[in-house]
Amino acid sequence: MHKNWILFKVYLLAGTFTFSGGMAMLPVIERELVGKYHLIERDQLYEYATLSQTFPGVIALNNACFVGKKIGGTVGLIAASLGAISPAFVLMLAATIAYQMIPQEGVVLSIMAAIRAASAAFLFSAAYSLARFNLKDAPTIILAVACFLLTVLNLANAPTLIVIAGIVGVVLSRVKQVKRA
Amino acid sequence: MITIFLTFLKIGFLGFGGGYAMLSLIFQESERLGMTVQQFADLNALDGLIPGPIAINSATYLGQLYGGFWTAVAATLAVCVPSFIFVPLFLHYEEKNNDNWVLTAILDGIKPASVGLILAVALSLMLLTVFGINDIGAWSKASLDWTSLLVLGVVFFLDSKYHVNPVWLILLAGVIGGVVYYL
């Protein structure tokens, strides 16, 4: 089988069976591309996985682009990307069309209201687990609380806060470097 | 269609740190496109049911909702653009690149910020579902919905403590909503 075809197939498989994307697809990629087809070294794959997380954009797609480009050049990049994107696109499109056809009345309305409450719970849960891993010291806690308050009080929007937080991150890292030196 | 394309281009470029970090951006930017908090809550529930990255799912959903198939394609491609630009660029200059600490540092700032941002989105959804109001300023009009509060509490507990598959949790919520209707 041609390597670009393999790339498409492996990322399609990983994209179909991993929820919420990101690093969840990594074990499948590793099993197929490292174990079965020997197209990439394990260390290299993990290096790209780490890099993917630091780049802007969709993490799973960054990963597909790195690995695809390395293995099959530009064509490989396109093949892996198409594989990574298309399951989400096709399934979500079908789900949205189905969703648009649901009549919003009677018992359906009551069911939807409960599901929306569950949806809110998922976000609280995501915030909680993100907080556990990322709020380690005073500056990070202050940053999180400030972003929360500024958003709730409608004083700043998300793009602005993200840019500022990025700059704060760079400054803090610089301060640490200077202290160590 | 062009507005949605540009919106998701912006979301892609500012989208450091993965799905949940991007979600607050998606929430605010799509509110400007006319999306209601209800539609966003439904999108977030669909995210739990459909595999794939949150940003791709959101782009497809909003594109389809606000323009149909081709807008969905355009929005999905827009959110992918940063990856197509930055990854090849990085690989091209790989040997010369020692500035990786900058990216890591940016992320170190954005990750904690995204905790606050996502909590704010969660609060918006809670105000809508549990108290029936659209923002905290309308507090005097709030009315407590016990069913939603119960669902929110139970789902949060099962998700954060036992990591129950979201598909089951959404099903559970749906069943509770259905039963309550006939009580």
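All values below were derived from every heavy atom in this structure, side-chain atoms included, with hydrogens, water molecules and symmetry-related copies excluded.
- The number of heavy atoms from other shown groups lying within 6.0 Å of CD (E41(A)) does not exceed 12.
- With a 4.5 Å cut-off on non-hydrogen atoms, V79(B) touches chain A through its backbone and its side chain both.
- Residues L130(A) and L135(A) fail the side-chain proximity criterion, which asks for heavy atoms closer than 4.5 Å.
- A donor and an acceptor atom, one from each side chain of R174(A) and Q177(A), are located under 3.5 Å apart.
- Both the backbone and the side chain of V73(B) have a heavy atom closer than 4.5 Å to some heavy atom of chain A.
- At a 4.5 Å heavy-atom cutoff, the contact between Q64(B) and chain A is made by backbone and side-chain atoms alike.
- Proximity to chain A (any heavy atom under 4.5 Å) is shown, for F27(B), by neither the backbone nor the side chain.
- Proximity to chain A involves both the backbone and the side chain of L14(B), based on heavy atoms less than 4.5 angstrom apart.
- Within the 4.5 angstrom heavy-atom criterion, atoms from both the backbone and the side chain of Q38(B) approach chain A.
- In this structure, the portion of T129(B) lying under 4.5 Å from any heavy atom of chain A is its side chain and not its backbone.
- In this structure, chain A has heavy atoms under 4.5 Å from both the backbone and the side chain of F86(B).
- More than 12 heavy atoms of other shown residues, nucleotides or ligands fall within 6.0 angstrom of atom CG in L144(B).
- In this structure, chain A has no heavy atom under 4.5 Å from any part of E31(B).
- The aromatic rings of Y48(A) and F66(A) sit parallel to each other, their planes meeting at less than 30°, with 60° as the upper class boundary.
- Counted within 6.0 Å of OH on Y66(B), heavy atoms from surrounding residues, nucleotides or ligands total more than 12; the atom is thus considered enclosed.
- Using a 4.5 Å cut-off between heavy atoms, T147(B) does not touch chain A at all.
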